[in-house]
Amino acid sequence: MPALVLVGAQWGDEGKGKATDLLGGSVDYVVRYQGGNNAGHTVVIGDQKYALHLLPSGILSPNVVPVIGNGVVIDPGVLLSELKGLDERGIDTSKLLISGNAHLITPYHRTLDKVTERFLGKRRIGTTGRGIGPAYADKINRVGIRVQDLFDESILRQKIEAALHDKNQLLVKLYNRRAIPAELVLEEYLGYADKIKPYLADTTLVLDEALKANKVVLLEGGQGTLLDVDHGTYPFVTSSNPTSGGACTGSGIGPTKIDRVIGILKAYTTRVGSGPFPTELLDADGDALRRIGGERGVTTGRDRRCGWFDAVIARYATRVNGLTDFFLTKLDVLTGWEQIPVCVAYEIDGQRVEELPYNQSDFHHAKPIYENLPGWSEDISKAKTFAELPKNAQAYVKALEEMSGAPISAIGVGPGRTETIEINSFL
Ligand code: GDP
Ligand code: IMO
Ligand code: MG
């Protein structure tokens, strides 16, 4: 039975939480494979709204086993408070499984994230300040602390002391901050051990056995393709691999087991933080998209930058993720525009360019070439089938599909679970 990957096709916040929740009734496991609590995934069920940061959105579906894979970076304080928040709302969180190989975010990662951003000034990335980059840097540098280290006091002590040895030099001598005492971090983190132990599992083995037993595994990405540290708009990216390859390394599921890769694609474009964004609108249309689409960050509360749909990016997402399908979200937000511009290519130094330029400087001065598509004014939020959409909305979806290189298999027409048009089944 299949493993499916669900990945953001743009700069994050495409509606991955809603898409995961929609499939929650038909899957057995939902796995987060990268990122951490920089993510903010919204799920709306009836009149209840949930914002998930570290936990897989599948935790809201009663029969799903939620898994935090080895590729995730975990801030244990955030994890426990998120679990408590859900428990208080009557959600059963007891089935959660956490990989012992996942790395931990510590107070010094959060501090370093904030001070390095401050020192970058105008060149800052606009991170979420959650310590994501410094925690992944330690992982790659082989000085990270993993979930399994929490259960061996002497190892934990050694690792924290070793990590703080040079980080405190940096904090004090370079950044003018107070040193962080290793003893304090040790005490705090030892306090998490008993609370986290019940969830600890050999998640790669569990997932392999699940697939062998014909269970369905959904891998839920955080962030999005253009925020990928390898394939995104570097350096204005996150420090992990949201793209589909990251689903394999971040979960321990081999590529031959993955049947379907679904790109979550907003019917327009948004971005939070710094970095190039060719179709960004700094005018009344941008304000309208932000207002109607409720484009405000779930994690940091920052206003999202908004712009028209960019087909160059969608094509790129199809390519680097090997997408088999798109889930087009927020089509309802575009209701009411007479004409809807769609970026079909870029102009770079007088040349028409159809594919995302690999050169960062070229992308920085790419100008969108727009095609205007006719809009619609009818309310589409109650539409249940493609045929119920106004003709111009149908044509908009078909045009996006043609430009983007993979079939659009579902369309979101509102934030709720039921506000979805299913065209091709994902399972
Ligand atoms: P994620 O990070 O990819 O899970 O996306 P976010 O939750 O950060 O942002 C998506 C926002 O759009 C949330 O507020 C969702 O409730 C909302 N949303 C998702 N799909 C739709 C849709 O089809 N229509 C509308 N109007 N809102 C949607
Ligand atoms: P979800 O999963 C949108 C952005 C930050 C910043 C850059 C690096 O909800 O789609 P980081 O804290 O990761 O080092 O910040 O990445 N970013 C996101 N933008 N959605 C997200 O997650 C994001 N997670 C990180 O704004 O520009
Ligand atoms: Mg989000």
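Whatever order the structure lists them in is the order used to number ligands and atoms, beginning at 1. Everything quoted here is computed from the prediction, not taken from an experiment.
From the protein, the heavy atom lying nearest to atom 7 (C) of ligand 2 is Val237 O, 3.9 Å. In terms of protein heavy-atom proximity, atom 5 (C) of ligand 2 is nearest to Gly126 O, 3.5 Å. What sits closest to atom 15 (O) of ligand 2 on the protein, heavy atoms only, is Thr127 CA, 3.3 Å. Protein heavy atom in closest approach to atom 2 (O) of ligand 1: Gly40 O, 2.8 Å. Considering only non-hydrogen protein atoms, atom 10 (C) of ligand 1 sits nearest to Asp13 O, 3.8 Å. Looking only at protein heavy atoms, the nearest one to atom 7 (O) of ligand 1 is Thr42 OG1, 2.5 Å. Protein heavy atom closest to atom 22 (C) of ligand 1, with residue, atom name and distance, is Gly414 O, 3.1 Å. The nearest heavy-atom contact from the protein to atom 26 (N) of ligand 1 is Asp332 OD2, 2.6 Å. Considering only non-hydrogen protein atoms, atom 1 (P) of ligand 1 sits nearest to Lys16 N, 3.5 Å. The nearest heavy-atom contact from the protein to atom 4 (O) of ligand 1 is Gly17 N, 2.8 Å.
Contacts of Lys16 with ligand 2, taken as heavy-atom pairs under 4.0 Å, involve the side chain alone. Residue-level proximity to ligand 1 for Val298 is carried by the side chain, the only part with a heavy atom below 4.0 angstrom. At a heavy-atom cutoff of 4.0 Å, ligand 2 is contacted by no atom of Phe236, backbone or side chain. When non-hydrogen atoms are compared, ligand 1 lies under 4.0 Å from the side chain of Arg304 (C-beta onward) but not from its backbone. With a heavy-atom cut-off of 4.0 Å, Val43 does not touch ligand 1 at all.
One option in Lys18, Lys330, Lys266, Glu419 has a heavy atom closer to atom 17 (C) of ligand 1 than any other, and that option is Lys330.
Atoms of ligand 2 found under 4.0 Å from any heavy atom of Gly273 (numbered from 1 in listed order, with element): 27 (O). Every atom of ligand 2 is numbered from 1 in the order shown, and the set under 4.0 Å from a heavy atom of Ala39 is 1 (P), 2 (O), 9 (O), 22 (O). Listed by atom number, the atoms of ligand 2 under 4.0 Å from Asp13 heavy atoms are 1 (P), 3 (C), 9 (O), 10 (O), 20 (N). Which parts of ligand 2 touch Trp11 is read off a 4.0 Å heavy-atom cut-off, strictly below it: atoms 3 (C), 19 (N). Atoms of ligand 2 found under 4.0 Å from any heavy atom of Gly40, numbered from 1 in the order shown, are 1 (P), 9 (O). Counting the atoms of ligand 1 from 1 in the order shown, those under 4.0 Å from a heavy atom of Gly412 are 23 (O).
A side-chain donor-acceptor contact under 3.5 Å links His109 and Thr106. At a cut-off of 3.5 Å, with distance as the only test, no side-chain donor of Thr335 or Asp379 sits close to an acceptor on the other residue. When only modelled atom types and interatomic distance are considered, Asn424 and Asp325 share no side-chain donor-acceptor pair under 3.5 Å. Neither side chain, Thr203 nor Asn70, offers a donor N or O lying under 3.5 Å from an acceptor on the other.
Residues Ile68 and Ser99 have side chains not in contact (no heavy-atom distance under 4.5 Å, counting atoms from C-beta outward).
Within the structure, the closest approach of Gly224 to ligand 2 does not fall below 4.0 Å when heavy atoms are considered. At least one heavy atom of Gln223 sits closer than 4.0 Å to an atom of ligand 2. In this structure, Glu14 does not count as a contact residue of ligand 2, since none of its heavy atoms falls inside 4.0 Å of the ligand.
Under the 4.0 Å criterion applied to side-chain N and carboxylate O atoms, Lys167 and Asp138 are assigned as salt-bridge partners. Electrostatic pairing of Asp87 and Lys84 does not count as a salt bridge here, judged by no charged N lying under 4.0 Å from a carboxylate O. Between Lys330 and Glu295, at least one side-chain N (NZ, or NE/NH1/NH2) sits under 4.0 Å from a carboxylate O, which counts as a salt bridge. Using a cutoff of 4.0 Å between basic side-chain nitrogens and carboxylate oxygens, Arg130 and Asp113 are not scored as salt-bridged.
Heavy atoms from other residues, nucleotides or ligands lying under 6.0 Å from CZ of Arg123 number 12 at most.
Within the coordination shell of the Mg ion (ligand 3), defined by N, O or S atoms under 2.8 Å, Gly12 is absent.
Remark: ligand 1 and Lys49 share no N or O pair separated by less than 3.5 Å (distance only, no angle test). Residue Gly15 has at least one N or O atom closer than 3.5 Å to an N or O atom of ligand 1.
What you find for Glu220 and Gly17 is that their closest heavy atoms are OE2-CA, 4.3 Å.
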